[in-house]
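Only one structure is covered here, and it is reproduced in the block below.
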Amino acid sequence: MESKQNYQLDRERIPQHVAIVMDGNGRWAKKRGLPRLAGHNAGMEALKEIVKRSDVLGVKYLTVYAFSTENWKRPVEEVSGIFKLLIVYMKKELDELHANNVKVKIFGDYSRLPKESIDALETALEKTKNNTGLTFNIALNYGGRDEIMRAVRRLAAECCDGQLTAEQLTEDMVSDRLYTGGIPDPEVVIRTSGELRLSNFLLWQSAYSEFVFTDVLWPDFSPEEYERCIAEFQGRKRRYGGV
Ligand code: IPE
Ligand code: IPE
Ligand code: MG
């Protein structure tokens with residue numbers, strides 16, 4: 001087993017793209033006898049610090065899983081509470097994100113969200129669209145299979161129109177039609193809260209990602225623990241099928 005202590009972060013080898021499954025908000029709240037939404041609220045606070053630290057470290061793309069296509073199965077109060085928190089987060093953080101030259105993007109079909117949430121998101125997208133610093137991708141109503149299906153449907157339509165033949169299809173054509181089109185695959189996917197699964201996150205893009213799992217619950221995930229996870233990634237040998 002890898003030791004949890006002895007990692008030294010190499011600031012010269014920071015990954016370009018870090019993806020995070022922010023899990024454990026509910027358990028964090030439960031441990032404290034609080035409602036689940038208190039956990040989601042605390043999770044937003046943790047997220048603020050991780051975005052800042054990503055920027056400081058020189059990460060180019062940070063992709064966080066905020067709401068999955070499966071999370072609609074939760075009680076409506078929790079779902080609508082999460083969307084309300086998102087509005088609060090965006091309204092509170094947008095000026096600072098913009099001042100830090102952060103570009104906000106959304107991965108997922110956010111048209112299903114309540115109008116007020118859509119407005120807050122679109123304000124953020126519009127305001128930061130020309131920024132050139134950290135790209136902060138928020139996966140919202142996101143599912144990896146849904147994302148691949150959308151790309152497949154578009155390619156199938158292009159084939160039916162006669163613009164392409166089935167034989168001409170390439171992996172790059174699929175990649176270009178994903179939400180991540182044009183950005184590199186994540187070198188590392190971090191998941192908090194001790195769950196050892198992907199839960200439909202970045203299925204195509206994580207083909208050769210390194211996975212770092214930590215038992216820390218998302219609201220407790222500090223910038224120091226984040227750096228430890230990146231250092232753990234830096235200790236891996238990536239072989240891509242070679243020797
Ligand atoms: C992650 O925390 C946030 C979302 C999925 C929206 P959870 O809400 O899944 O927390 P646990 O897994 O129940 O502890
Ligand atoms: C994955 O966490 C989705 C997000 C973090 C947004 P879940 O808590 O929904 O995943 P499962 O249900 O444990 O697989
Ligand atoms: Mg969970």
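Whatever order the structure lists them in is the order used to number ligands and atoms, beginning at 1. Because only heavy atoms are used, hydrogens play no part in the values below, and waters and symmetry mates are left out as well, while side chains stay in.
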**Request:** Only heavy atoms count here, so choose which of Arg197, Arg74, Arg27 is nearest to atom 7 (P) of ligand 2.
**Result:**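 Nearest option to atom 7 (P) of ligand 2, by heavy atoms: Arg74.
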
**Message:** Please compare Ile20, Asn25, Asp23 and report which has the shortest non-hydrogen distance to atom 8 (O) of ligand 2.
**Reply:**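 Heavy atom nearest to atom 8 (O) of ligand 2 belongs to Asp23.
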
**Request:** Identify which one of Leu134, Asp55, Val51 satisfies the side chain to side chain contact (heavy atoms under 4.5 Å, CB included) criterion when paired with Leu97.
**Result:**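 Result: among Leu134, Asp55, Val51, Val51 is the only option passing the side chain to side chain contact (heavy atoms under 4.5 Å, CB included) with Leu97.
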
**Message:** Just checking Phe136 against Tyr61, ring centres under 6.0 Å apart?
**Reply:**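 Ring centres of Tyr61 and Phe136 not closer than 6.0 Å.
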
Will you find, in the side chains of [X] and [Y], an N or O donor that is under 3.5 Å from an N or O acceptor?
X	Y	answer
Trp72	Asn141	yes
Ser111	Asp109	yes
Trp218	Ser193	no
Gln234	Glu187	no
Asn71	Ser68	yes
Arg191	Tyr65	no

Does [X] have a non-hydrogen atom less than 4.0 Å from ligand 1?
X	value
Gly43	no
Gly24	yes
Lys30	no

**Message:** Side chain, backbone, both or neither: which applies to Phe67 and ligand 2 if a contact is any heavy-atom pair less than 4.0 Å apart?
**Reply:**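 Looking at Phe67 and ligand 2, just backbone atoms fall under 4.0 Å.
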
**Request:** Under 4.0 Å, heavy atoms only, figure out whether ligand 2 is touched by the backbone of Ala66, its side chain, both or neither.
**Result:**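 Backbone only; the side chain of Ala66 stays clear of ligand 2.
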
**Prompt:** Who are the salt bridge (Lys or Arg N to Asp or Glu O under 4.0 Å) partners of Glu224, not counting sequence neighbours?
**Reply:**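 Applying salt bridge (Lys or Arg N to Asp or Glu O under 4.0 Å) to Glu224 gives Arg53.
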
In the protein, which heavy atom is nearest to [atom], and how far is it?
atom	answer
atom 14 (O) of ligand 2	Ser199 OG, 2.6 Å
atom 2 (O) of ligand 2	Arg191 NH2, 3.6 Å
atom 9 (O) of ligand 2	Asn71 ND2, 2.9 Å

With a heavy-atom distance limit of 4.0 Å, tell me whether [X] approaches ligand 1 through its side chain, its backbone, both, or neither.
X	result
Glu195	neither
Ser68	neither
Ile82	side chain
Arg36	side chain

**Request:** Begin from the C-alpha positions of Thr135 and Leu62 and carry the test side-chain contact (heavy atoms from CB on, under 4.5 Å) through to its verdict.
**Result:** CA-CA 6 Å; Thr135 299; Leu62 172 70; over 6 Å; no

**Request:** Take the angle between the ring planes of Phe107 and Tyr179 and call it parallel below 30°, perpendicular above 60°, tilted in between.
**Result:**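 It falls in the parallel class, under 30°.
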
**Item:** Contacts of the Mg ion (ligand 3) with protein N/O/S atoms, counting only those under 2.8 Å
**Value:**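 Within the sphere that stays under 2.8 Å of the Mg ion (ligand 3), the protein atoms of type N, O or S are Asp23 OD1.
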
